Amino acid sequence: MRVLTGIQPTNILHLGNYFGALKPAVELQREDELFIGIVDLHAITVPQEPAQLKKNIAFATAAYLAAGIDPKKAILFQQSRVPAHAELGWLLQTIARIGELERMTQFKDKSKVKGQNVSVGLFTYPVLMAADILLYDTQAVPVGEDQKQHLELARDLAERFNRDFGQTFVVPKPIINIASGRILALDNPEIKMSKSAPSPKNYISLMDEADVIRKKIKSAVTDSETGISVDDGRPGLKNLLSIFSLVTNGSPEDIAASYAAKGMKELKEDLAEALITHLAPLQAAINDYLSQPDELEKIVAEGSARANEIASMKISEVKVKMGLSL
Ligand code: ATP
Ligand code: LTN
């Protein structure tokens with residue numbers, strides 16, 4: 001099956017990105033034909049400092065490779081190096097409707113604070129995402145809850161285009177990853193861990209040093225109930241137990257049981273150590289890739305060239321169908 005996933009190089013990736021996107025991608029490359037886009041054109045829908053953006057693009061690429069993505073199996077590409085993304089993004093804007101974009105909850109949330117002062121790109125972002133997906137005849141897209149609505153739009157645009165201009169696009173299906181769930185913010189277990197959070201206490205970055213991890217886990221918000229249990233009414237604790245479970249492969253229930261007598265303080269201390277141990281080899285591998293910029297450049301250039309071959313054929317077909325030819 002052909003599967004495509006994208007990650008925005010907006011900051012240093014965190015534990016949620018690792019368990020929710022990087023590790024599942026490594027699984028997918030075994031069986032599926034996997035495309036991974038470092039979607040820098042999406043990142044710039046909110047202001048980015050150019051020097052930092054450049055670093056984040058290299059970091060995201062290094063993180064995927066360090067997590068185990070094999071550039072011979074998966075196609076790892078940089079979105080802005082494949083011109084067809086911006087081009088199809090534009091063409092699809094002419095068939096997308098204002099009303100359907102105004103219904104997008106992510107835009108509504110993100111623009112709530114800033115009102116009219118958000119970029120037009122942030123508004124049309126889901127159309128660019130549809131272009132990312134449709135260019136490659138993608139059959140399935142792994143999506144978290146927050147991206148379901150965007151994938152639905154991609155499906156609608158594909159069907160509309162096929163109806164108006166003739167069969168052109170594969171209509172993509174979602175792959176809902178129930179297993180890994182959401183990792184929640186350490187400082188507020190009501191919301192998800194997020195790289196654009198105002199406080200770094202929200203997340204464990206993949207590059208956090210041992211002492212930083214210890215401090216962040218120690219100050220993670222839990223509750224004042226006694227005992228250790230997996231309980232929806234105790235979201236902070238439940239989140240720590242899920243993270244513990246992800247790094248040790250034990251079930252959250254078993255871990256809870258083994259800390260019943262020991263208590264929260266010890267649970268947090270051991271979790272911090274388990275995380276440090278788990279992240280150490282990943283951090284070393286990321287640093288290794290980052291220290292070889294020529295190698296990274298070669299991998300991204302090759303992946304982008306392979307993506308470009310496929311995408312440029314699709315964009316030509318689209319133009320002919322729309323009458324944009326002589
Ligand atoms: P932001 O919140 O700053 O927009 P993000 O941290 O949510 O960014 P994205 O680039 O939107 O990151 O998401 C990249 C991938 O990481 C997606 O596949 C998403 O499902 C996954 N992901 C992001 N946050 C989490 C989380 N807290 N738990 C599990 N998976 C996550
Ligand atoms: N919007 C997604 C990133 C993204 C994407 C894509 C995901 C851009 N294009 C195509 C899957 C397929 C996000 O913010 N997580």
Side-chain angles (χ1 to χ4, degrees), residues 2-26 28 34-46 48 56-57 59-60 63-64 67 75 77-80 82 85-86 88-89 92 104-107 109-110 121-122 124-136 138-155 157-158 172-200 202-206 235 239 242-243 246 307 311:
R2 190 172 278 188
V3 179
L4 181 137
T5 175
I7 196 149
Q8 296 192 56
T10 42
N11 207 335
I12 296 298
L13 306 185
H14 54 71
L15 218 52
N17 300 134
Y18 180 63
F19 287 112
L22 271 56
K23 280 196 86 171
V26 174
L28 284 167
L34 179 65
F35 287 69
I36 303 170
I38 308 294
V39 291
D40 48 1
L41 298 177
H42 278 89
I44 57 170
T45 56
V46 295
Q48 302 292 334
N56 292 340
I57 293 168
F59 184 85
Y64 266 104
I75 297 187
F77 68 95
Q78 185 182 348
Q79 186 189 29
S80 64
V82 184
H85 287 259
L88 184 62
L92 292 179
M104 296 289 143
T105 52
Q106 190 173 63
F107 175 74
D109 291 348
K110 288 199 173 175
L122 191 69
T124 58
Y125 167 121
V127 183
L128 180 61
M129 177 164 160
D132 301 340
I133 297 167
L134 301 181
L135 271 177
Y136 300 95
T138 303
Q139 292 162 292
V141 182
V143 278
E145 201 52 44
D146 56 335
Q147 298 299 319
K148 259 167 109 179
Q149 205 186 15
H150 293 162
L151 185 67
E152 203 47 52
L153 177 79
R155 291 169 53 86
L157 293 178
K173 290 192 172 52
I175 304 176
I176 312 275
N177 186 350
I178 19 170
S180 75
R182 300 264 97 180
I183 294 190
L184 304 176
L186 296 178
D187 60 349
N188 176 4
E190 304 294 320
I191 57 172
K192 70 171 191 123
M193 190 175 276
S194 162
K195 42 183 152 59
S196 49
S199 160
N202 168 293
Y203 52 78
I204 302 277
S205 138
L206 292 188
N239 190 41
S242 328
I243 298 174
L246 287 165

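Order of listing sets the numbers, starting from 1, for every ligand and every atom in it. Predicted model only: the values in this text are computed from it and were never measured. When reading the values below, keep in mind they use all heavy atoms of this one structure, side chains included, and skip hydrogens, waters and symmetry mates.
- Between the Gln8 side chain and the Val39 main chain, no donor and acceptor come within less than 3.5 Å of each other.
- Each of the following atoms of ligand 1 lies closer than 4.0 Å to a heavy atom of Lys192: 2 (O), 5 (P), 7 (O), 23 (C), 24 (N), 27 (N).
- Classification of the Tyr125-His42 ring pair by plane angle, with boundaries at 30° and 60°, yields perpendicular.
- Proximity to Ser196 (heavy-atom distance under 4.0 Å) selects the following atoms of ligand 1: 1 (P), 2 (O), 3 (O), 4 (O).
- Of the candidates Gln147, His150, Gln79, it is Gln147 that places a heavy atom closest to atom 15 (N) of ligand 2.
- Of all protein heavy atoms, the one lying nearest to atom 12 (C) of ligand 2 is Leu4 CD2, 3.5 Å.
- Atom 3 (C) of ligand 2 has as its closest protein heavy atom Gly6 O, 3.7 Å.
- Listed by number with element, the atoms of ligand 1 under 4.0 angstrom from any heavy atom of Ile7 are 14 (C).
- Among protein heavy atoms, the minimum distance from atom 9 (N) of ligand 2 is reached at Asp132 OD2, 2.7 Å.
- For His150 and Phe107, the ring centers are positioned 6.0 Å apart or more.
- Note: no N/O pair closer than 3.5 Å links Gly144 and ligand 1 by distance alone.
- Residue-to-ligand polar distances place His14 within reach of ligand 1: an N/O pair is separated by less than 3.5 Å.
- Between the side chain of Asn239 and the backbone N or O of Leu184 there is at least one donor-acceptor pair closer than 3.5 Å.
- Residue-level proximity to ligand 2 for Val141 is carried by the side chain, the only part with a heavy atom below 4.0 angstrom.
- Residue contacts with ligand 2, taken as heavy atom pairs separated by less than 4.0 Å, involve Ile133 solely via side-chain atoms from C-beta onward.
- The shell of residues lying under 4.0 angstrom from ligand 1, judged by heavy atoms, includes Asn17.
- For a threshold of 3.5 Å applied to N or O pairs, the pair formed by Arg182 and ligand 1 contains at least one separation below that value.
- At a 4.0 Å cut-off, not a single heavy atom of Gln147 sits close enough to ligand 1 to count as contact.
- Counting protein heavy atoms only, atom 14 (O) of ligand 2 is closest to Tyr125 OH, 2.9 Å.
- To the nearest 0.5 Å, atom CD1 of residue Ile204 and atom CD1 of residue Ile12 are 14.5 Å apart.
- Close approach of ligand 1 to Ala21 is summarised as follows: ligand atoms under 4.0 Å from at least one heavy atom of the residue are 15 (C), 16 (O), 18 (O).
- A distance of 11.0 Å separates CG of Leu15 from CG of Leu22, quoted to the nearest 0.5 Å.
- The distance from ligand 1 to the heavy atoms of Ile183 drops below 4.0 Å at these ligand atoms: 26 (C), 27 (N), 28 (N), 29 (C).
- For Gln79 (side chain) and Gly37 (main-chain N/O), no donor-acceptor pair under 3.5 Å exists by modelled atom type.
- A donor-acceptor pair is defined here as one N or O able to donate and one able to accept, closer than 3.5 Å; such a pair exists between the side chain of Asn11 and the backbone of Lys195.
- Considering both main-chain and side-chain atoms, Gly6 never comes within under 3.5 Å of ligand 1 through any nitrogen or oxygen pair.
- Here the shortest heavy-atom pairing between Ala185 and Asn202 reads CB-ND2, 3.2 Å.
- Going from atom NZ of Lys148 over to atom CD of Gln106 covers 14.5 Å, rounded to the nearest 0.5 Å.
- A heavy-atom distance below 4.5 Å is not found between the side chains of Asp132 and Thr138.
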